[in-house]
Amino acid sequence: MDQSITALSRNALTIPSLTRIANTHASCLTKWRGNSSQISQPGRSSSLFLQQQHDSIQRTTSAVLRHTFPFRVPSVTPRTLSSTLPRLSRTPRFVPTVRANSAVRAVRAAAANNADGGESTAAAPDDVADDSATVAAQLALSASEEALPEAGVDEARVAAAAALLEGELLEKTPENAAGNEAQFAAGEETGGMEKGSIGSEKSDSAAAAAAAAVGTPAITESSTNVTISKGTKKGITVKGKKVTVGGRGGSGSEGEGAGSDSGSGSDSDSGGEEVFRVVWSSSDSRIDYLGESTKGDMVLPDLPVDLENEGRRAFDLDIDTGIGPIEELAKAEADEAELLLEQLGVPPQFPHGLASRGIFCSRTLNLRSITTIGYDMDYTLIHYNVNAWEGRAYDYAMENLRSKGYPTEGLRFDPDLVIRGLVMDKANGNLVKCDRFGFVKRAMHGTEMLSNKAISKLYGRELVDLRNEGRWEFLNTLFSVSEAVVYMQMVDRLDQGLLPAEVAPGDYKNLYKVVARALFRAHVEGQLKAEIINSPEKFVELDPELPLALLDQKLAGKRLLLITNSDYQYTHRMMTHAFDRFLPEGMTWRSLFDMVIVSARKPEFFSMAHPLYEIVTPDGLMRPCFKANSGGLYCGGSAQMVENALGFAGDETLYVGDHIYTDVSQSKLHLRWRTCLVCRELEQEVEALIHGHDTRLRLIDLMAQKDRVGDCFNQLRLALQRRTQGQAAQTAAVGEMEDGELVRSMQRLLWIMARLDGEIAPLLETDGAAFNDRWGYLSRAGLWDKSHITRQIEKYADIYTSRVSNFLRYTPFMYFRAQGQSCAHDVSDTWPLSSIQPDSSEDQ
């Protein structure tokens, strides 16, 4: 029985497998219900009848079970399973809670029936919540190859496993958890469950005992040297040994700082053998070979020096000693691990998963060592429909301009006119895209694109320098879209002489100020935000996976912070709308965060100290405050105050935001926090890169052919130059060429290169059109180089992704490793062998 339950706690059913099992069991259960009256007939053995039904189920599902599980599986009823499967497919991270009372009573009823020799009837108790739970529990017993233990110690675990597989997956709330967990505790501690013996007692031991039954870790308070046990008393059992996992759960501060770690029991409490240990003490952590802290890593507690031999014996590893070097062993194990994840139905992460939902790494980051994660809200935790949000901002700005006499007739919001990462040239009324060095590659005056010749004439001798804020305005967030569209359209009206006299002809700087004031007024007067608060469903794009990603991080022991420039009323409305509906019952968005800071005044928040106010009423009433505390809701303040209050600092903190300057660069420069940039356009960018991959390969091939032809032409041109100047040719063979042959060869090569240019030029013009017709790819400037915003991302963002919910695919324990950065002289597969092997004649 223990082996069956242990295997059950280590494995999970995949959705397709559950569906097949449910469909097969449906017909069997229908037959059972049709003959259910036979159970209570005198002289009819209920255990024999159940055994017959069980055998029928086993025969009809044996093929599925053989390929799905290496152990015996209790029955899964179709009614609850059919209602659970859709939720599992959408959100596979609900906390499992089983109806322990019903299931255990069913087990005891079955046990009593077995004790009577199988001759008495075993009707379900009157207070059993669901007959399907009874059937599941009884079938779990009949499926076991061992007899029910005399002492009912394992009854709760058997019943819990049966009810869990039966599909009773519910959000864990205080209301439905307290009684069940207490009854689990009673079953574990007393060897049985007497009716009414526990009541509604709440305790950590009850939670741990319930966790032991279903194979999930319980979280309880402990000291700095903490462990997570599989149940405080029982734990899990492997080959007769009780197992504990040293670690940390929930939020808290490190022992030597403010407060202490929260954990889940201790090794001494559980009485088990510590198999794993989580490194949470700074003194125990080290710096690994990639320069990252090992804080938060799970390790083996007593690692032998001789890993090859002593390690295998010490940990009783079932590994073939003749498999060979560690490279071969690791490859085989990696293949098995990927297969296991596929069988468990766990969605793969990039690069094996969906590329557009990947998290990309610029600088190596060990997420396990991160103790605190701060989040921005707008366009980070809350993603707005750009056409709706920026479209309304555009409308309000145009209304303000119209009220001042500016002609706005015939103009409409065009979100494709601009993209993030462009730079406004306020001196010339232009919008430009530059490469990582600051050279302008594409430009637009008003709403008309400029030719390469015009770009060369205007910007050929200067670089874009963002430090000159009087001239350049960087569009580093989606909030800049509406402003840029209004400005470029007004540039056209200024060139047409249609604007009021307050803006002189060609005064593009003053025009920008007018546009900025019009848009700022829409925000300050609260017109736009009031509309969004009243109808958030029109503007906010919901993401059901987002709250679950943060919940994973919270339960992994990370402190979560919300730091936003938005005011409290707006923040509360948006977060409630986007989060609460997807969280477990009884939990709100506030439960996720250890501290919330609104009206933070970023970027000054990261470098300056502002007055701190505590928000004390639901309508936002505030009072002065001089010290922040964990769990508080505040307005203003500074990052330094937050660090002091929660006891963290530096590179153990990750801040996630959408603004490359306000969120990412300033938190890194002033505090040395690790950073993550959220850029929703990455999803479209990746899809566009995939769509244009073949075109880029053709471009590269055409340019490679031109290089080869051009190399030959250049040598012949040099030969012609030397011949006309009376100089010796490069080689004797070149000198022997006839003049006519030399000229004809050069003419043919020039014709070939002209034809190649005719193919290359239009392909380059349309390169990236799948992302944006005017500007091409977000990340690139030309065929080979990176754009200016890509350079900013690489410089300031350790990792970047399209949305916060992508963390759900990577777990809170991910180790992000940076990609190799190429140099022009790196060895390439395109290099010919002759370029790698030295010519022996040159050495002589």
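In this text, all values refer to a predicted model and were calculated from it rather than measured experimentally. The basis for the numbers below is simple: all heavy atoms, side chains too, and nothing from hydrogens, waters or symmetry mates.
Taking W589 as the reference, H572, T576 meet the side-chain hydrogen bond (donor to acceptor under 3.5 Å, both in side chains) condition, with sequence neighbours excluded. For R436, the side-chain hydrogen bond (donor to acceptor under 3.5 Å, both in side chains) partners two or more places apart in sequence, or in a different chain, are D785. Evaluation of the salt bridge (charged side-chain N to carboxylate O under 4.0 Å, His left out) rule for K786 yields E794 as partners, not counting sequence neighbours. For the side-chain hydrogen bond (donor to acceptor under 3.5 Å, both in side chains) test, no residue two or more places apart in sequence or in another chain qualifies with D580. Applying the side-chain contact (heavy atoms from CB on, under 4.5 Å) criterion to D701, with sequence neighbours excluded, gives Q705. Qualifying ring pair (Phe, Tyr, Trp, His ring centres under 6.0 Å) partners for F593, counting only residues two or more places apart in sequence or in other chains: none. Taking S667 as the reference, nothing meets the side-chain hydrogen bond (donor to acceptor under 3.5 Å, both in side chains) condition, with sequence neighbours excluded. Listed by chain and residue number, nothing satisfies the ring pair (Phe, Tyr, Trp, His ring centres under 6.0 Å) test with F771 (two or more places apart in sequence, or in another chain).
In this structure, R581 is not positioned above the aromatic face of F579 in the sense of NZ or CZ being under 6.0 Å from the six-membered ring centre and within 45° of the axis.
Contact record, M574 with I382: O-CD1, 3.6 Å, taken as the closest heavy-atom pair. Listed here is the closest heavy atom pair of L783 and R696: O-NH2, 2.6 Å.
In this structure, a donor-acceptor pair under 3.5 Å is absent between the side chains of E292 and T364. Between N806 and T801, the side chains place a donor N or O and an acceptor N or O closer than 3.5 Å (distance only, hydrogens not considered). Side-chain N/O atoms of R357 and S805 include a donor and acceptor closer than 3.5 Å. Residues S566 and D378 have side chains that bring a donor and an acceptor to within less than 3.5 angstrom of each other. Side chain to side chain, D658 and T477 meet the donor-acceptor criterion of an N or O pair below 3.5 Å. Defined by atom type and a distance below 3.5 Å, a donor-acceptor pair is missing between the side-chain atoms of N468 and D465. In the model, Y815 has no side-chain atom that pairs as donor or acceptor with a side-chain atom of D297 under 3.5 Å.
Salt-bridge annotation for K668 and D798: present, with a side-chain N of the basic residue lying under 4.0 Å from a carboxylate O of the acidic one.
Although no hydrogens or angles enter the test, the distance criterion places no donor-acceptor pair under 3.5 Å between the side chain of R471 and the main chain of K426. Of the possible donor and acceptor atoms, one in the side chain of D543 sits under 3.5 Å from a partner among the backbone N and O of E545. Remark: side-chain polar atoms of S456 are not paired, donor with acceptor, to backbone N or O of N452 under 3.5 angstrom. Using a distance-only test at 3.5 Å, with no hydrogens or angles considered, no donor-acceptor pair links the side chain of K538 to the main chain of N385. S802 places no side-chain N or O within 3.5 Å of a backbone atom of L682 that could act as its donor or acceptor partner. S451 places a side-chain N or O within 3.5 Å of a backbone atom of A454 that can act as its donor or acceptor partner. K433 places a side-chain N or O within 3.5 Å of a backbone atom of R780 that can act as its donor or acceptor partner. Panel note: side chain T790, backbone S779; a donor-acceptor pair is recorded below 3.5 Å. Looking at R368, its side chain does come within 3.5 Å of a backbone N or O of F813 through a donor-acceptor pair.
Surrounding CD of E462 are more than 12 heavy atoms belonging to other residues, nucleotides or ligands, all under 6.0 Å away. Within 6.0 Å of the CD atom in E469, the count of heavy atoms belonging to other residues, nucleotides or ligands does not exceed 12. Enclosure of atom CD in E338 by more than 12 non-hydrogen atoms of other residues, nucleotides or ligands within 6.0 angstrom is indicated.
For the atom pair CG (L764) and CG (D757), the distance works out to 10.0 Å, reported to the nearest 0.5 Å. In this structure, I660 CD1 and L475 CG are separated by 13.5 Å, a value rounded to the nearest 0.5 Å.
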Please test E390 against S482 for side chain to side chain donor-acceptor pair (under 3.5 Å), starting from the C-alpha separation and ending with a verdict. CA-CA 5 Å; E390 297 302 315; S482 54; 2.8 Å; yes
CA sep, side-chain torsions, deciding dist, call: R774, D416, salt bridge (charged side-chain N to carboxylate O under 4.0 Å, His left out): CA-CA 8 Å; R774 295 178 178 87; D416 295 326; over 6 Å; no
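Under the ring-ring contact (aromatic ring centres under 6.0 Å, His included) criterion, the residue pairs touching residues 413-458 are Y394-F413, H445-Y508, with sequence neighbours excluded. Residue pairs meeting the ring-ring contact (aromatic ring centres under 6.0 Å, His included) criterion with at least one partner in residues 781-810, sequence neighbours excluded, are F360-Y800, F474-H788, Y810-F816. Each ring-ring contact (aromatic ring centres under 6.0 Å, His included) pair with one or both residues in residues 363-382, not counting sequence neighbours, appears once here: Y379-H383, Y379-Y384, Y379-F479. Here ring-ring contact (aromatic ring centres under 6.0 Å, His included) pairs that include residues 654-683, with residues two or more places apart or in two chains, are F606-Y655, F606-W673.
Contact annotation: the side chain of Y570 approaches that of I532 to within less than 4.5 Å [non-hydrogen atoms, C-beta and beyond].
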